[in-house]
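We count ligands from 1, going down the list as the structure has it; atoms in each ligand are counted the same way. Reckoned from all heavy atoms, side chains included, excluding hydrogens, waters and symmetry mates. Keep in mind that what you see is a predicted model, and the values were worked out from it rather than measured.
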Amino acid sequence: MIVMKFGGTSVEDAKSMQRVIQIIRKEQSRQPIVVLSAIAGATNTLLNAARTAQEGRLDEAILALNNLLDRHVTLMENLIDNRTSVQQIIAVSRRRLEELRNLCNGIAILGELTNRSLDAIASVGELLSSQILSEALRSQNLPVKWVDARTFMITDNEFVTAAPQFEIIDVKAREILAPIVSSKTIVVTQGFIGSNANGITTTLGRGGGDYSASIIGAAMGAEEIQIWTDVDGVLTADPRITPSAQKLRTISFREAAELAYFGAKVLHPSTIFPAVKKDIPVIVLNSKRPDNTGTRIVSRPPKTNIPVKSIACKRGITVVNVQSLRMLMAYGFLESIFSVFNKYETSVDLVSTSEVAVSLTIDNTATLDKIIAELSTFAEVSILEKQGILCIVGDQMRSSAGVADQIFHALKDINLVMISQGASEINMSIVIEESKIDEAVKRLHEHFFEPISATDMFEPVGGK
Ligand code: ADP
Ligand code: ASP
Ligand code: MG
């Protein structure tokens, strides 16, 4: 069996959903489990409606929800021919939206919006889209069963960024999904959403649909995990920055994990982890051009001597400089610093140290004031905001001389705030001012990948 995950851009309207149905039909014999995202923009609309309600603008929130329902109704009417099916699914959608309106009403009255409510509201996007797809497949005579992901995607209680409980999921997913799959019925379920042990809805964090697909694939021992999106595969850089980005034919799990972690939005940062554990290939494919072979992410890609494969970048980074109050770093200094970040559950991306100082980067500044106050009891602290990270990735970087020189040359007049050769030796990460990120990515891309030519490793976007 295979897992096929379709992102929001693959199900934005009836035309794109119809394409998705064709793709699923083609793979029917491989016993697909389909994991679906909300239609494009729906999650943002839902979360904004919740915030608008909290700010007391209930009418505005309700209007946004009604418009979202209209979008779904138009989608159903254009997609499903059978009038009875359409009426049924419209009724289901109306009920879900009614629940949402009540929730927003409560939020507006209390003026309080908890993460638990945010998850309850966000989950509706995936529930609606998956019910529509399921009904559309049925109306086209495909054997299908809609499964509520909250019955098996069990997580902890960290609403908004819930952690999946792998052992329980393994058991529940097999128990619930295996009989459906073996009866040659297509499973349609939701990405992104889960529930805690008490059955309360949680979510895996924004963009978490990819992660869901990988978790389900690993639990079910899938042959492959397909991530269908709106680009040809994993590209040499974000195509929104460098439209000339090329497609990578194959990359390693390690390369993909670094790229995803450092900002390549095409994959949620946690996607690779479950796939690696079971050594299941992850294939990134374009639902708008389904004949393209996509990018294969595997444990051992074919050997190459190309040092740099791709460039990722992340914005909204804060650098925290921590200087020891003594002349030298005392024993235990690093531990004291990290224990503060630990205490406030703030993860650190890059670290570089000198004799007396440590620089760290974080992207979550929710508790930064408390972190600074606590660090200041034993060190001098300064902050640099509006920074960005460039991440240059390639398995062969560790055995190639001169790559750093080329990187620095390409960035020669840009001030490099921090430099870190990743511990895995397959990436180099550089902190620069956020406003210079686009320019830096363009220059690095031009140096390492242009002019474009098809090779064993790369392929111009738009090819087969
Ligand atoms: P989906 O809705 O399918 O989950 P996303 O918007 O989350 O789609 O991810 C796909 C987008 O990721 C692409 O449209 C592209 O703009 C962006 N992206 C950023 N970096 C890369 C990269 N290195 N390769 C491919 N796409 C990238
Ligand atoms: N719909 C969710 C989001 O927009 C999850 C996903 O698309 O992967 O974040
Ligand atoms: Mg995504």
Would you check whether Pro239 reaches within less than 4.0 Å of ligand 1, judged by its heavy atoms? yes
If you look only at pairs with a residue in residues 386-399, which of them pass as a salt bridge (Lys or Arg N to Asp or Glu O under 4.0 Å), with sequence neighbours excluded? Arg254-Asp395
Does Lys5 approach ligand 1 within less than 4.0 angstrom via side chain, backbone, both or neither, non-hydrogen atoms only? side chain
When you measure from atom 20 (N) of ligand 1 to each heavy atom in Asp210, Asp232, Val441, Asp238, which option holds the nearest one? Asp238
Count the heavy atoms belonging to other residues, nucleotides or ligands that lie under 6.0 Å from CZ of Arg296, then report whether that count exceeds 12. no
Around atom 6 (O) of ligand 1, find the nearest protein heavy atom and jot down its residue, atom name and distance. Lys265 NZ, 2.8 Å
Could you tell me whether some N/O pair between Asp230 and ligand 1 is separated by less than 3.5 angstrom? yes
N/O of Leu235 under 3.5 Å from N/O of ligand 1, yes or no? yes
Please indicate whether any nitrogen or oxygen in Thr229 is less than 3.5 Å from any nitrogen or oxygen in ligand 1. yes
Output a table of donor-acceptor pairs, distance under 3.5 Å, between side-chain atoms of residues 28-40 and any protein atom two or more places apart or on a different chain; print 'none' if there are none.
| from | atom 1 | to | atom 2 | distance (Å) |
| --- | --- | --- | --- | --- |
| Arg30 | NH1 | Glu27 | OE1 | 3.4 |
| Arg30 | NH1 | Glu27 | OE2 | 3.2 |
| Arg30 | NH1 | Glu224 | OE2 | 3.4 |
| Arg30 | NH2 | Glu223 | OE2 | 2.9 |
| Arg30 | NH2 | Glu224 | OE1 | 3.3 |
| Gln31 | NE2 | Val181 | O | 3.2 |

Taking the basic N atoms (NZ, or NE/NH1/NH2) and the acidic carboxylate oxygens, is any pair closer than 4.0 Å for Asp13 and Lys15? no
If you count only heavy atoms, which residues are under 4.0 Å from ligand 2? Ser37, Thr43, Glu126, Phe192, Arg206, Gly207, Gly208, Gly209
For Glu77 and Thr74, what are the C-alpha separation, side-chain angles and deciding distance, and is it a side-chain hydrogen bond (donor to acceptor under 3.5 Å, both in side chains)? CA-CA 5 Å; Glu77 284 173 341; Thr74 309; 5.5 Å; no
With a 4.0 Å cut-off on heavy atoms, does Ala237 reach ligand 1? yes
Does this structure show an ion pair linking Arg289 with Asp232, if we count only N-O contacts that are shorter than 4.0 Å? yes
Can you list the ligand 1 atoms lying under 4.0 Å from a non-hydrogen atom of Gly233? 24 (N), 25 (C)
With a 4.0 Å cut-off, would you call Glu135 and Arg138 a salt bridge? yes
Go through it in stages, so that I can follow the logic: the residues are Ile311 and Cys313, the test is side chain to side chain contact (heavy atoms under 4.5 Å, CB included), and I'd like the CA-CA distance, side-chain angles, deciding distance and then a yes or no. CA-CA 7 Å; Ile311 304 154; Cys313 61; 5.8 Å; no
NZ/NE/NH1/NH2 to OD/OE distance under 4.0 Å, Arg96 and Glu99: no
Looking at Thr203, is its backbone amide N or carbonyl O close enough to the side chain of Asp119 to form a donor-acceptor pair, meaning the two atoms are under 3.5 Å apart? yes
If you scan protein heavy atoms around atom 12 (O) of ligand 1, the nearest is Val266 N, 3.3 Å
Hey, is Gly8 one of the residues with a heavy atom under 4.0 angstrom from ligand 1? yes
Judged by atom type as modelled, is there a donor-acceptor pair below 3.5 Å linking the side chain of Glu439 to the main-chain atoms of Lys436? no
What atoms of ligand 1 come within less than 4.0 Å of a heavy atom belonging to Thr9? 2 (O), 3 (O)
If the cut-off is 4.0 Å to any non-hydrogen atom of Ala264, which atoms of ligand 1 fall inside it? 20 (N), 23 (N)
Write out all pairs satisfying salt bridge (Lys or Arg N to Asp or Glu O under 4.0 Å) with one or both partners inside residues 150-159, taking only residues at least two apart or from two chains. Asp148-Arg150
Do any nitrogen or oxygen atoms of Arg240 lie less than 3.5 angstrom from nitrogen or oxygen atoms of ligand 1? yes
Does Val234 reach ligand 1, in the sense of a heavy atom lying below 4.0 Å from it? yes
Electrostatic pair Asp230-Lys288, nearest N-O below 4.0 angstrom: no
